[in-house]
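Worksheet: the structure to be examined is printed underneath.
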Amino acid sequence: MVHYHRYIQLKKGQVGFADEDEESHGGSIGLICGNSGYGKRITRPKLLSLLVLSLLSCSFIVAPQLFSFPSTFSLLYSLGAEDEGLVAGSDINASPCSSVSNGTFCCDRSSIRSDVCIMKGDVRTHSSSSSIFLYTRTDNNGVISYVSDISEHGGEDDNEELHREKIRPYTRKWEASVMDTIDELKLISKKQNSAVHHHCDVKHDVPAVFFSTGGYTGNVYHEFNDGLLPLYITSQQFNKKVVFVILEYHDWWVTKYGDILSLLSDYPPIDFSGDKRSHCFPEAIVGLKIHDELTVNSSLMEGGKSIKDFRDILDQAYWPRISGLIQDEEREALSPSAKTPVEVMKGKPEDRLKKPKLVIVSRNGSRAITNEDALVKMAENIGFLVEVLRPTPTTELAKLYRVLNSSDVTIGVHGAAMTHLLFMKPGCVFIQVIPLGTDWAAETYYGEPARKLGLKYVGYRILPQESSLYEDYDRDDPVLTDPESVNNKGWEFTKKIYLDRQKGKNTRKGRLLEKRLLKKFDYQVLLCCSFVVCLLRAEREVSKSAVVGS
């Protein structure tokens, strides 16, 4: 993960004791076959008491401010209650820009994550000055009119500004270092006569959404969390009748995610800096709304849309391509140069009915599992059909989607590739191997989103002796015994020690990693991931009985 130390400080007010309680989340998976539901989760009395005390403490802080409305809204956000309605009685749907009249624009800067400005009326771009202008005219009755491109009148107030704002349209507002790299837009409202000097090259009759694909774009987690999901949240209300205007435009990004973009907009995206024409819109949203890590808060969405609705978009985006790949394979199987019958059948639906499928998301370098081959053999011995997935930045997303969407269980080590949990079917099992020092990040960035998506999540926290750091530090070193104290020193320590240098491996006690994972598989995964797994369990028991009877 990139730069989460400061965000831990900002968000721990929301997450609370997630790191200490993570194993209880994994253990909450009920020993029930099929998809009938989860087992009951045990709530720790001590934790509940602490949460109650925390809420009471917060109430004493917030109460004096409740009589001053303007400051209350900002205070709730500063306490980390953004978007989740964590403060009782707060109106999370309230926004200073919930109603914007024609001829005006409004900026909502209350979120710790992003600023969003809304402009309505005669909106025109001017890329060479990194500006978006709003031109309006008010008649004697206070009604807004639109300005023609051709005017016989100039007027001495042609260049008079009514209002000006600046915004960097990226969703990591709390992280100053990356926000400094994002292009800044000037939003300017002017009187009507100025429009004669700023004609429209391209007129659009639908709204525009302006956003940046700069920052951490290039990392799959950030591409989904900071870009695609906020884009869905911001634009879905327009039912595809919206134009995307992109700052720091990348051809490869548009190509990579074109299948998704086509389901969010009926129009080709515009390169704000590269397209020097003046584009005119009846409305513009500048900046993207974001709810939480890899999720959609249905209480904040029109029509109650959720993360599962976004996942339906992914289904629609990738299944046409997947169907084409399947047809190509079937044609190849019937050709004279076809593989042997055994090779052709590998991975076919008939084979998957016999064995549940486990996908291992492999890593190279840091945080890799050095005994991956042994893990594969162990899973095969249990009864899984195993596929090792090695995604690269150039791997076609439809192919990744096909593999993960057909899995009953997916396992991987904490890192950006875990973002692909979005490709899994709700109801299946997602196992995240959690290296030392990454408990909070693993829970916040992937564990919690997995549960919101409807996956059955297991967090496997490795022991010190299962980490390569065990060879590099004394047994009583805080790196091994108290990772949180190391993380508290700053992001540079977290990155250098726990993210860049750590690997999972065989231990001196024997194949401890495999043995502990075997326990997870045997009692949770095999019983929970699907009806197919239940059949497998039944077949194994029948086989044992037959052997005993003989």
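In this structure, the ring-ring contact (aromatic ring centres under 6.0 Å, His included) partners of Phe430, at least two apart in sequence or on a different chain, are Tyr457. Applying the salt bridge (Lys or Arg N to Asp or Glu O under 4.0 Å) rule to Lys305 yields no partners; only residues at least two apart in sequence or on another chain are considered. Applying the ring-ring contact (aromatic ring centres under 6.0 Å, His included) criterion to Phe224, with sequence neighbours excluded, gives Tyr257. Looking at residues two or more places apart in sequence or on another chain, you find no side chain to side chain contact (heavy atoms under 4.5 Å, CB included) involving Glu492. Remark: Arg390 engages Ser362, Glu372, Val388 in a side chain to side chain contact (heavy atoms under 4.5 Å, CB included) (not counting sequence neighbours). For Ser323, the side chain to side chain contact (heavy atoms under 4.5 Å, CB included) partners are Trp319, not counting sequence neighbours. Residues that satisfy the side chain to side chain contact (heavy atoms under 4.5 Å, CB included) test with Glu248, not counting sequence neighbours, are Ile182, Asp183, Ser212. Residues forming a ring-ring contact (aromatic ring centres under 6.0 Å, His included) with Phe238 (at least two apart in sequence, or on another chain): none.
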Report the C-alpha separation of Glu165 and Arg109 in whole Å, then their side-chain angles, then the decisive distance to 0.1 Å, and conclude whether the salt bridge (Lys or Arg N to Asp or Glu O under 4.0 Å) test is met. CA-CA 11 Å; Glu165 296 277 355; Arg109 302 186 186 276; 2.9 Å; yes

Step by step, work out the salt bridge (Lys or Arg N to Asp or Glu O under 4.0 Å) result for Asp312 and Lys308. CA-CA 6 Å; Asp312 289 342; Lys308 294 181 181 179; over 6 Å; no

Assess the residue pair Cys97 and Cys106 against the criterion (disulfide (SG to SG under 2.5 Å)); give the C-alpha distance rounded to whole Å, side-chain angles, the decisive distance to 0.1 Å, and a yes or no. CA-CA 6 Å; Cys97 300; Cys106 173; 2.1 Å; yes

After noting the C-alpha distance and the side-chain angles of Asp266 and Lys241, does the key distance pass the salt bridge (Lys or Arg N to Asp or Glu O under 4.0 Å) rule? CA-CA 6 Å; Asp266 285 333; Lys241 303 305 178 184; 2.9 Å; yes

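Sequence neighbours left out, not one pair with a member in residues 415-431 passes side chain to side chain donor-acceptor pair (under 3.5 Å). Sorted by first and then second residue, the salt bridge (Lys or Arg N to Asp or Glu O under 4.0 Å) pairs involving residues 207-231 (not counting sequence neighbours) are Arg172-Asp226, Glu223-Lys256. Each salt bridge (Lys or Arg N to Asp or Glu O under 4.0 Å) pair with one or both residues in residues 206-217, not counting sequence neighbours, would appear here, but there are none.
Checked against Glu293 for a salt bridge (Lys or Arg N to Asp or Glu O under 4.0 Å), the options Arg113, Arg451, Lys452 give a single hit: Arg113.
A donor atom on one side chain and an acceptor atom on the other are found under 3.5 Å apart for Asn487 and Thr494.
Using a distance-only test at 3.5 Å, with no hydrogens or angles considered, a donor-acceptor pair links the side chain of Thr234 to the main chain of Lys289. Judged by distance alone, with hydrogens and angles left aside, the side-chain atoms of Asn405 form no donor-acceptor pair with the main-chain N or O of Met424 at under 3.5 Å. Of the possible donor and acceptor atoms, none in the side chain of Thr395 sits under 3.5 Å from a partner among the backbone N and O of Pro391. Side chain of Thr255 to main chain of Asp251: a donor-acceptor pair is present (N/O by atom type, distance under 3.5 Å, no hydrogens or angles). The backbone N or O of Gly214 lies less than 3.5 Å from a partner atom in the side chain of Thr217, making a donor-acceptor pair. Remark: the backbone N or O of Phe281 is not paired with any side-chain donor or acceptor of Arg124 at under 3.5 angstrom.
Using a 30° and 60° split on the angle between ring planes, His222 and Tyr216 fall in the tilted class, from 30° to 60°.
Cys pair Cys200 and Cys280 passes the test of SG atoms under 2.5 Å apart.
Salt bridge status for Lys191 with Glu161: absent, with no side-chain N to carboxylate O gap under 4.0 Å. Between Arg402 and Glu396, no side-chain nitrogen of the basic residue sits less than 4.0 Å from a carboxylate oxygen of the acidic one, so the salt-bridge criterion is not met.
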For residues 267-275, dump all side-chain donor-acceptor pairs below 3.5 Å to protein atoms at least two apart in sequence or in another chain.
from: Asp271; atom 1: OD1; to: Ser273; atom 2: N; distance (Å): 3.3
from: Asp271; atom 1: OD1; to: Gly274; atom 2: N; distance (Å): 3.1
from: Asp275; atom 1: OD1; to: Arg277; atom 2: N; distance (Å): 3.1
from: Asp275; atom 1: OD1; to: Arg277; atom 2: NE; distance (Å): 3.0
from: Asp275; atom 1: OD2; to: Arg277; atom 2: NH2; distance (Å): 2.9
from: Asp275; atom 1: OD2; to: His279; atom 2: NE2; distance (Å): 2.9

